[in-house]
Structures are given as C-alpha cells and as structure tokens.
**Student:** 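Okay, here's the structure, questions in a sec.
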Amino acid sequence: MQKLIESVPNFSEGRDQNVIRQITDAIETVDGVSLLDVDPGASTNRTVVTFVGNPDASVEAAFRAIKKAAELIDMRKHKGAHPRMGATDVCPFIPVSNVSWQEAIACAYQLGKRVGEELKIPVYLYEKAAKDKSRSNLAVIRTGEYEGFFEKIKQPKWKPDFGPTVFNEKSGGTVIGVRDFLVAYNVNLNTKSVRRANSVAFDVREQGRLKTEDGTPRGKPMVDANGEAIRIPGMLKYVKAVGWFVKEYGVAQVSMNLTNIEETPLHVAFDACVEAAAKRGLRVTGSEIVGMVPKKCLVDAGRYFLRKQRWSEGVSQEELIDIAIRSMGLSELKPFDPKEKVIELKIESAEPKKCLVKMNVREFCNETLSDSPAPGGGSVAALMGALGASLGGMVANLSSGKRGWDDKLEYFSGWAVKAQQLKDELLSLVDEDTAAFNKVMDAFALPKESAEEKEARSAAVEQATKHAAEVPLKVMQIASKSYELLSEMAQKGNPASISDVGVGALATHACIEGAALNVRINLAQLKDEKFKTDLQDAVQRISGESQVQFKKIIQVVDSKLNKS
C-alpha cells in the first residue's frame with residue numbers, strides 16, 4: 001500500500017490571494033504530494049491548507065511552504081479574529097494510509113529541526129509529537145499569542161524544541177505536531193452577538209465555564225480547597241469552542257475544534273449546539289466545515305439523521321453525504337462540494353483514470369462490446385453480483401417503509417445497510433478485475449531476449465495470473481453473502497417485491513458461476529500446483545453452496561408467486 005500522510009498547515013494570511021497562491025505554489029513544486037484544499041478566511045485573516053503525500057514528500061512540501069510564508073508574511077502587521085503566534089501558526093501531520101504514529105512523529109521532528117536550524121524560527125512540538133507532555137496542548141503553547149511570546153520565550157520552561165530562544169519578530173513561532181483528524185467546525189446562529197454565541201460555546205465545549213458565586217458569567221469565580229477555579233463542564237468531550245462574529249457573513253458562530261471525531265462526531269456537535277441555542281432562545285441556521293473532513297464524518301452523520309427521521313439507513317454513500325449536508329446546513333454560507341471538501345473524494349478526483357463504475361450504463365456496455373478484451377466476463381460477473389445485492393437492498397428499503405410495518409424498521413434498515421456494503425465491495429471489484437487482467441498483459445509484454453529477462457518475465461506472468469485468479473474468487477466469496485440477504489427478503493420482505501428477490505437471486509447465481517469460469521481460465525495458465533488445487537477446491541465449495549442457496553430462494557419465490 002502507498003504511504004500517505006496528511007498535512008494541514010495554517011498560515012496567518014487570509015486576505016491577500018497573491019500571498020496565499022505563492023505559498024500553495026511552493027507546496028505543488030514537490031513531486032509526490034497532492035494539494036487538496038485551500039480555505040482562506042478574511043475575518044480570521046488565516047488560511048487552512050490541506051495536502052497529502054508520502055512522508056518524505058510531505059515534509060519537503062511543508063518546509064517549502066513555511067519558508068515561503070516566512071518570506072511573505074510580516075507578523076508585526078497581522079490582525080485577525082483567530083488566535084495565532086506565527087506566519088505559519090501550526091503545521092500538524094495526520095497519518096492517512098499505511099503510516100504509523102512513529103513515522104508521523106519522525107516527520108514532525110525532521111520538519112521542526114529544519115525550520116529551526118535553516119529558517120531560524122522557534123518551533124514547539126505538540127500533541128503526539130510533544131517531547132514535553134505539559135505543552136502537548138496547542139492552546140497552552142499559543143497562550144499569549146504573537147504579542148506575548150517575546151517575553152514568554154525567555155522563560156526556561158518555554159525554551160523551543162527546535163530553533164533559537166529569541167522570538168522571531170517578523171515570522172513569529174511555529175507549532176508542529178502529530179494528531180488525529182481534527183475537524184474545524186463552525187455552527188451559525190441567528191444572532192450577531194458574540195456574547196450569546198459564547199454562551200452556547202461554553203454550554204457545549206468540554207471545558208465548560210467557570211462556576212461563579214452568584215451564578216452569573218461576571219460573578220466572582222468559585223475555587224476548590226486547592227485554590228483552583230471550579231468549572232461547570234460542558235456537554236461534549238474532545239471539543240474546544242468559542243463564540244465569534246464573522247463580518248463577511250454577518251452572523252455569530254460557535255467555532256469548534258473536534259479533536260476526537262470517534263468520540264464526538266460532527267453530527268453530535270451540531271445537535272448539541274441546536275439544543276443549547278434553543279434553551280437560550282436562539283436558532284442554529286446552518287454550519288460550515290473549515291478545511292476538509294474524512295468521508296466517514298458525513299456518512300455517519302447521514303445515517304444519524306435518517307435514524308432521527310425513522311427512515312432506513314440503507315442508502316448509498318452519495319445519498320448519505322447529501323443528507324448530512326442538508327441536515328446540517330453545510331451549504332448555507334457558501335456551496336459545499338463533497339468532491340472538494342471530503343478527503344477521499346478529493347484524492348479520487350485528483351487521480352485521472354478510466355473507471356468502469358463511473359460510466360453510465362450505455363458507456364459500460366459499449367466498452368464491454370468493443371474489441372478490447374477488458375472489461376470482460378470477470379468485470380461483468382462482479383457487476384451482476386452488485387445488481388443482485390442492490391435488488392435485495394431495494395426490497396429491504398421498500399419493506400422498511402411499508403405502512404403498518406413501523407416496528408420492523410430497524411430490522412429491514414440493517415439489511416439495507418448490509419446490501420449497500422456488499423454492493424460497494426462488488427462494484428470495486430468490477431475495476432479490480434479489469435486492472436488484474438491488464439497486469440497480466442503487461443507481464444506478457446516484458447522483454448524476453450536474454451535468459452534473465454525470460455526468467456523475470458515468467459515470474460511476473462505467474463504472479464500477475466495468480467492475482468487475476470484471486471480477484472474473481474473474491475467476487476464469488478462476497479457475492480455468496482448476498483444469499484442470506486435475499487433469503488430474508490424472500491421470507492419476510494414486502495410480498496409485492498417478491499419478483500425482485502427472484503431476479504436478485506438469479507443475478508447473484510450468475511455472478512458466482514461467471515466468476516468461477518474466470519478463476520478456472522486463469523488457473524489453467526499457472527505452474528504452481530498447490531495454488532491451483534487450493535483455488536479449485538474453494539471454487540467448487542462456493543459454487544456448490546451457491547447452488548443450494550439459490551434453489552431454496554427460488555422455491556420460496558415460486559411459492560409466493562403461485563399464491564398471488
């Protein structure tokens with residue numbers, strides 16, 4: 001697997017597009033990185049940039065961006081609504097794919113060392129990269145901001161991890177670290193009052209608010225036996241929040257950082273703000289995501305809002321994302337484009353390639369009918385399996401919404417979600433089967449002049465052909481899981497859809513038998529007898545079980561059709 005690490009540097013410039021462009025251009029000069037998002041804010045005078053790449057390339061790109069920001073941004077002139085301490089205020093690394101925490105921390109150390117030594121900028125490490133755990137919290141490090149750091153840096157406990165111990169007047173300081181996905185999320189209120197927005201922010205954030213003797217925000221703070229201020233905790237764990245007014249939109253917002261989206265997801269933060277605002281006579285009018293989010297954030301949110309609506313969650317990821325956008329008003333202030341704001345979708349769109357499952361039906365059929373050997377039977381078999389699972393899911397969704405069956409919603413919704421998972425897995429194999437065939441062709445095209453070349457070519461052909469046999473076997477294994485879904489729908493689903501169950505069973509059966517043919521034709525080319533025997537045994541077992549399951553479902557379908 002390719003190693004991918006995300007970097008989300010925040011630069012203290014959100015108004016001058018020329019400066020912002022020069023910084024992002026510096027990032028794009030590095031091979032192996034993809035610039036995913038540039039999100040400037042005029043009121044905050046801050047730009048959040050997101051890019052991904054392999055670890056070495058990401059460190060180099062981050063260094064070039066920090067260097068360019070130090071050249072172009074003068075912190076002596078900077079004003080903005082967001083807390084900051086340097087031209088590059090913060091630069092976190094976030095593991096995305098096949099990168100361990102240790103590797104990510106090594107990236108932070110490598111970057112911090114270069115920034116400190118080469119650019120003479122004080123660097124502090126935070127979160128998982130922090131050497132001093134008492135300064136792992138970004139807010140703690142940044143206390144005093146740019147203006148206060150000229151004196152703060154002189155204190156022994158605030159000696160930088162890298163770089164000089166004298167604050168850089170022009171560039172300030174930089175915080176570099178490693179963290180989990182942090183979602184910067186703002187919820188809009190129907191008020192312009194920062195004080196009222198702060199009240200909602202204090203209600204929801206983990207830190208809550210100070211407890212006062214008279215119970216009012218401006219009262220004397222109460223302290224415990226140790227002299228520590230007593231706080232009333234907020235509603236949400238792993239949430240930092242503050243209220244502010246955004247001049248460009250003319251609204252006050254609850255501005256939040258969600259530091260653990262597994263424990264406190266996006267939709268939970270949104271609903272907490274809705275609840276807290278309503279108690280204060282306010283209304284949430286929408287929200288915005290600053291930067292980018294993992295796809296899971298919006299998919300989970302879509303499912304959550306469908307549950308609240310008492311509706312089946314078994315819809316496509318595209319629809320779940322659309323429901324999340326609409327439910328949380330993510331397009332209220334400016335259009336929210338998932339292909340630009342969702343990390344996985346942005347990466348997909350940045351990789352131009354011919355994708356079968358992105359074609360319309362006519363295009364797919366035309367491509368199959370052409371004189372190219374791929375896509376062929378293997379891809380078509382996987383598509384038939386996806387259609388079989390989709391029909392089973394359709395029946396589950398229709399049954400979940402059937403009048404008088406309200407008590408069965410959770411049951412049918414669960415099966416519809418399962419159908420979506422099977423459909424997505426099988427659709428991914430449509431392209432994987434064609435890609436596997438193309439690798440076999442590439443192996444056959446290798447040179448074969450010398451003995452060494454012949455040996456290398458033979459080994460490559462063998463390896464590629466093994467993979468080409470494993471893909472349709474995987475199709476068989478996944479498609480066979482659809483029988484349980486179809487069996488449940490045949491026995492308990494909406495009787496008006498029984499014919500759809502039958503067609504789903506036929507498509508699943510054809511998928512498995514078709515995929516079996518593709519396993520067999522590839523096995524015939526192999527020399528590894530043990531590999532061949534193992535796959536042949538698996539094919540026979542799955543095919544035999546498929547025949548039994550198929551007949552049982554068709555018998556139920558026939559029985560119900562005969563009674564209708």
**Student:** Between Asp203 and Lys279 (salt bridge meaning N to carboxylate O under 4.0 Å), is one present in this structure?
**Tutor:** no
**Student:** Identify whether the distance between the nearest side-chain nitrogen and carboxylate oxygen of Asp89 and Arg142 falls below 4.0 Å.
**Tutor:** yes
**Student:** Answer yes when Lys474 and Glu470 have at least one side-chain N-carboxylate O distance shorter than 4.0 Å, and no when they do not.
**Tutor:** no
**Student:** Decide yes or no on salt bridge (charged side-chain N to carboxylate O under 4.0 Å, His left out) for Glu206 and Lys240, but give the supporting numbers first.
**Tutor:** CA-CA 7 Å; Glu206 181 173 17; Lys240 302 171 184 177; over 6 Å; no
**Student:** Side chains of Asp271 and Lys308: does their closest heavy-atom pair fall under 4.5 Å?
**Tutor:** yes
**Student:** Between Lys341 and Asp337, is the closest basic N to carboxylate O distance under 4.0 Å?
**Tutor:** no
**Student:** So does Asp224 pair up with Lys211, basic N to acidic O under 4.0 Å?
**Tutor:** no
**Student:** Do Glu103 and Pro95 make a side-chain contact, defined as non-hydrogen atoms from C-beta onward lying under 4.5 Å apart?
**Tutor:** no
**Student:** Would you say the side chains of Gln22 and Glu71 form a donor-acceptor pair under 3.5 Å?
**Tutor:** no
**Student:** Taking the six-membered ring for Trp, are Tyr124 and Phe149 closer than 6.0 Å centroid to centroid?
**Tutor:** yes
**Student:** Looking at Lys346 and Glu340, is there a salt bridge between them, counting it only when a charged N and a carboxylate O are closer than 4.0 Å?
**Tutor:** yes
**Student:** State whether Tyr109 and Lys131 meet the cation-pi test: NZ (Lys) or CZ (Arg) under 6.0 Å from the six-membered ring centroid, and within 45° of the perpendicular axis.
**Tutor:** yes
**Student:** Just by distance, with hydrogens left out, do Asn18 and Arg21 show a side-chain donor and acceptor under 3.5 Å apart?
**Tutor:** yes
**Student:** What orientation do Phe167 and Tyr146 show, parallel under 30°, tilted 30 to 60°, or perpendicular over 60°?
**Tutor:** tilted
**Student:** Can I get a per-line list of side-chain donor-acceptor pairs under 3.5 Å for residues 290-300, giving both atom names and the distance, sequence neighbours left out?
**Tutor:**
from, atom 1, to, atom 2, distance (Å)
Lys295, NZ, Gln317, OE1, 3.1
Lys296, NZ, Asp300, OD2, 2.6

**Student:** Test side chain to side chain donor-acceptor pair (under 3.5 Å) on Asp132 and Ser134 and set out the steps.
**Tutor:** CA-CA 5 Å; Asp132 182 346; Ser134 69; 2.7 Å; yes
